[in-house]
There are 2 protein chains.
Amino acid sequence: MIIVIEPDSDVPIYEQICNQIMEGIARGQIKPGHSLPSVRVFASDLGVNMHTVNKSYHLLEKKGIITIVPKSGAVISSPQDFNESSFNRLKDEFKPLIAESLVVGMTHQQIQNLVTSIIEDFTKNQK
Amino acid sequence: MIIVIEPDSDVPIYEQICNQIMEGIARGQIKPGHSLPSVRVFASDLGVNMHTVNKSYHLLEKKGIITIVPKSGAVISSPQDFNESSFNRLKDEFKPLIAESLVVGMTHQQIQNLVTSIIEDFTKNQK
DNA sequence: CATCTGTTCTACTTTTTCTAGAACAGAATG
DNA sequence: CATTCTGTTCTAGAAAAAGTAGAACAGATG
């Protein structure tokens, strides 16, 4: 899995790392049970600070996506069969995006098509 | 239309304003052609600084949602029949959210249902 | 035992966010 | 035409967030 950091992005580095790891899992490039690199090794690979990677890992843990074993490492969790708090958080994050889509003139169908195309992009070539 | 600012939110105030205006348009509470309050009046109503509201308005303008007439005011634009740059920006913003949804264990269908429920919430009671 | 791990701590820089006040010039209004 | 309102621009500062840096600790691992 290739992770690319854009230092000049308006998206914070720790979020970029978090997003790209989630994308890697969604694409099947990383699977539940697999371990993530240590914060030191990963930070060195990406050319960022250890604490920045650490922040990404804890964000992923908060989202319920990885489990951090203290003094050991980070492991990809199995998909939860519906965690309600995750669902509510996601709903709140989808809301402004969907409002913007509607306001910009997209129809319900066009939004659904966009969502489908993104999902299909993630799930094709599933490893 | 009622706008509520949560000062302790992790969402910046200028984004909260922007989001809630978009939601108001999506719900039909504000319509294309209508004017937004002046930055001074709005800021005073919300208890925030004029420059913060100004930043929200310029963000809305960048998104193509309002037109700012210099020295005059801000007017809700008509929905564009598909602005490609808006579409690409939205696609990039949907991506990490959908990745997270998949990783957390939602199915394609469940994601579509979530999107539909949000859209229906916006479009019901359309004024 | 030596190494690697996440954790915690302090410390500092940079950027972003938010507020504040002043001044300007065009638009709108009576 | 004069007053008021408008967004714009400028400087300025405070507060928070983001990122880097280095050190030290203790459990896990080999």
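Chain identifiers are assigned alphabetically (A, B, ...) following the order of the sequence lines, protein sequences preceding nucleic acid strands; residue numbering begins at 1 within each chain.
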Student: Are A/Phe122 and B/Val103 packed together at the side-chain level, in the sense that at least one heavy-atom pair is separated by less than 4.5 angstrom?
Tutor: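 Heavy-atom side-chain distance check fails, nothing below 4.5 Å.
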Student: Do the non-hydrogen side-chain atoms of A/Phe87 and A/Asn83 ever get within less than 4.5 Å of each other?
Tutor: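 A side-chain contact is absent here, since even the closest heavy-atom pair is not under 4.5 Å.
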Student: Mind calculating the distance between CD1 (B/Ile68) and P (D/dC5) to the nearest angstrom?
Tutor: 21 Å
Student: Calculate the interatomic distance between A/Phe42 atom CZ and C/dT5 atom P; express it in whole Å.
Tutor: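 Result: 13 Å.
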Student: Atom CD of B/Glu6 and atom P of D/dA16: how far apart are they, to the nearest Å?
Tutor: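 Rounding to the nearest Å, CD of B/Glu6 and P of D/dA16 are 18 Å apart.
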Student: Roughly how bent is the helix from C/dC1-D/dG30 to C/dG30-D/dC1 end to end, in steps of 10 degrees, with each end axis from five pairs?
Tutor: 40°
Student: Which letters describe nucleotides 15-26 of chain C, given B = protein heavy atom under 4.0 Å from base, S = only from sugar-phosphate, - = neither?
Tutor: --SSBBBB---B
Student: I'd like to check A/Ile119 versus B/Phe94 (side-chain heavy atoms, cut-off strictly below 4.5 Å). Are they in contact?
Tutor: no
Student: State, to 0.1 Å, how close B/Pro79 and A/Gly105 come at their nearest heavy-atom pair, and which atoms those are.
Tutor: CB-CA, 3.7 Å
Student: Give the cluster check for B/Ile66 versus A/Met106: same hydrophobic cluster or not, with ILVMFWY residues linked at side-chain heavy-atom distances below 4.5 Å.
Tutor: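 B/Ile66 does not cluster with A/Met106.
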Student: Ion pair present between B/Arg89 and A/Glu100, side-chain N to carboxylate O less than 4.0 angstrom?
Tutor: yes
Student: Please report the shortest heavy-atom distance between B/Ser86 and B/Gln80, naming the atom on each side.
Tutor: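 Heavy-atom minimum between the residues: OG-OE1, 3.9 Å.
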Student: Check the distance between D/dA21's P and A/Asn54's CG and give it to me in whole angstrom.
Tutor: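 Result: 16 Å.
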Student: In whole Å, I'd like the distance from the CG atom of A/Leu36 to the C1' atom of C/dT5.
Tutor: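 About 14 Å, once rounded to whole Å.
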Student: Can you tell me if B/Asn113 and B/Gln109 form a side-chain donor-acceptor pair at under 3.5 Å?
Tutor: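 B/Asn113 vs B/Gln109: donor-acceptor pair found between side chains.
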